[in-house]
Amino acid sequence: MSAQREESPAPPTQRRSMSAQREESPAPPTQRRSMSAQREERRSILPRELIEGLSDDVRDAPPPPTPVLSEPYALRPVDPDTDAEMISRWMNLPHLAEAWESAWPASRWRDYLRAQVDGNYSRPFVGSMHGEDGGYIEVYRAAKDSIATRYHADPYDVGLHAAIAELTVVNKGLGPFLLPRIVASVFDVEPRCRRIMFDPDHRNTSARRLCEYARCTFLGEHDMSNRRMALYALPRTPADVPATR
């Protein structure tokens, strides 16, 4: 009988109570410290990503969409292991080092790219023309980005960052040609996106002219933790122009 008592399963009510206790029990201190350390590590790699204080709608939004371009142009997802060297080389070119301030070694770029791929905040892409890689693009959830502290963001807002590596095509009209196609694709593949956001440095006259060419709405200049940005919104409809905070 003793063996039977030890081997007999707990009654259903007791099993439910034990299950409830497991669900309600807080994570052990070591696990809480591990989760906190992971958040801090991610924050150090992606300092613009908002992690705390998000609404459920913002937190639960899926990764940003993948734009689709027609030939001869194309976008492909970044492979952190194989693309970090190339992107690091691009970002150390004088015109991108000044505009992006991200002239990092390949090891740091690898960590930065991998952190984007592993989360739901941002997605990095390599752009190509006629099969030749020549540009870097980030598509991110603007409501999960620090710019959301400067305007009233919707959970499905999308932000764009873009860099053209080849100096021979910079200021040759490629940006004005491609930008309308990229934003049209974003609006097409993400029907819940109400607006696309741009946040160039306030001194980046080329990027600001491109935003104005695309008929973006200027939302003012804003001081951030490490820079002063010019905030622009490209709304799906006139009613989707956001208010600033």
Side-chain angles (χ1 to χ4, degrees), residues 44-49 64 67 69 73 75-76 78 80 83-113 115-116 121-129 132-142 145-151 158-183 186 196-234:
S44 69
I45 297 173
L46 297 172
R48 290 181 49 152
E49 180 182 12
L69 298 178
Y73 306 99
L75 293 178
R76 64 169 177 82
V78 163
D83 290 327
E85 290 278 356
M86 176 180 67
I87 295 172
S88 174
R89 185 172 66 252
W90 290 347
M91 291 300 174
N92 277 272
L93 295 173
H95 69 288
L96 292 183
E98 179 181 5
W100 278 65
E101 299 181 342
S102 300
W104 307 331
S107 58
R108 182 172 175 183
W109 266 102
R110 189 172 294 107
D111 291 342
Y112 176 72
L113 296 170
Q116 293 185 73
Y121 156 63
S122 180
R123 286 291 181 268
F125 299 93
V126 169
S128 64
M129 182 171 63
E132 183 176 352
D133 294 337
Y136 174 73
I137 293 177
E138 291 176 355
V139 183
Y140 63 95
R141 285 295 182 198
D145 187 88
S146 59
I147 66 170
T149 62
R150 299 298 188 267
Y151 83 103
V158 168
L160 286 179
H161 297 143
I164 299 174
E166 291 299 327
L167 196 58
T168 54
V169 297
V170 174
N171 296 327
K172 294 294 179 64
L174 186 61
F177 177 80
L178 281 180
L179 182 61
R181 289 159 174 78
I182 294 175
V183 300
V186 169
I196 298 174
M197 306 299 297
F198 302 89
D199 63 315
D201 185 279
H202 74 289
R203 298 163 296 182
N204 191 336
T205 54
S206 296
R208 297 187 68 166
R209 282 198 300 268
L210 185 56
C211 290
E212 292 159 4
Y213 170 83
R215 299 185 182 278
C216 295
T217 298
F218 178 50
L219 301 179
E221 295 185 1
H222 304 266
D223 290 319
M224 307 301 283
S225 62
N226 63 338
R227 68 192 179 106
R228 184 173 178 83
M229 72 166 178
L231 187 61
Y232 291 87
L234 183 62

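No side-chain heavy atom of Ile147 sits less than 4.5 Å from a side-chain heavy atom of His222. Residues Leu160 and Val139 are in side-chain contact: their nearest non-hydrogen atoms beyond the backbone lie under 4.5 Å apart. Asp133 places a side-chain heavy atom less than 4.5 Å from the side chain of Trp90.
Residue Ile137 comes nearest to Ala162 through the heavy atom pair CG1-CB, 4.0 Å, listed as atom of the first residue, atom of the second, then distance. Taking both residues in full, the closest heavy atoms of Met91 and Ser102 are given as CB-O, 3.5 Å, listed atom of the first, atom of the second, then distance. Taking each heavy atom of Ala142 and Met197 in turn, the nearest pair found is CB-CG, 3.9 Å. When all heavy atoms of Arg123 and Gln116 are compared, the pair lying nearest together is NH1-O, 2.8 Å. Taking each heavy atom of Ala214 and Leu234 in turn, the nearest pair found is O-CD1, 3.4 Å. Contact between Asn204 and Ala207 at its shortest, heavy atoms only, is OD1-N, 3.1 Å.
The aromatic rings of Trp100 and Trp109 sit tilted relative to each other, their planes meeting at an angle between 30° and 60°.
Atom OH of Tyr213 is surrounded by 12 or fewer heavy atoms from other residues, nucleotides or ligands within 6.0 Å. Counting heavy atoms of neighbouring residues, nucleotides and ligands inside a 6.0 Å radius, atom CD of Glu212 exceeds 12 of them.
A salt bridge (charged side-chain N to carboxylate O under 4.0 Å, His left out) with Arg228 holds for exactly one of Asp201, Asp199, Asp223; it is Asp223.
With a 6.0 Å cutoff to the six-membered ring centre and a 45° limit on the axis angle, Arg181 counts as a cation-pi contact of Phe177.
Listed for the Ser88 side chain is no donor-acceptor partner under 3.5 Å among the backbone atoms of Glu85.
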Step-by-step side chain to side chain contact (heavy atoms under 4.5 Å, CB included) determination, Asp111 to Trp104: CA-CA 11 Å; Asp111 291 342; Trp104 307 331; over 6 Å; no

For Met129 and Leu178, run side chain to side chain contact (heavy atoms under 4.5 Å, CB included): C-alpha distance rounded to whole Å, both residues' side-chain angles, the deciding distance at 0.1 Å, then the answer. CA-CA 11 Å; Met129 182 171 63; Leu178 281 180; over 6 Å; no

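Ion pairing between Glu98 and Arg203 fails under the 4.0 Å rule for side-chain N and carboxylate O.
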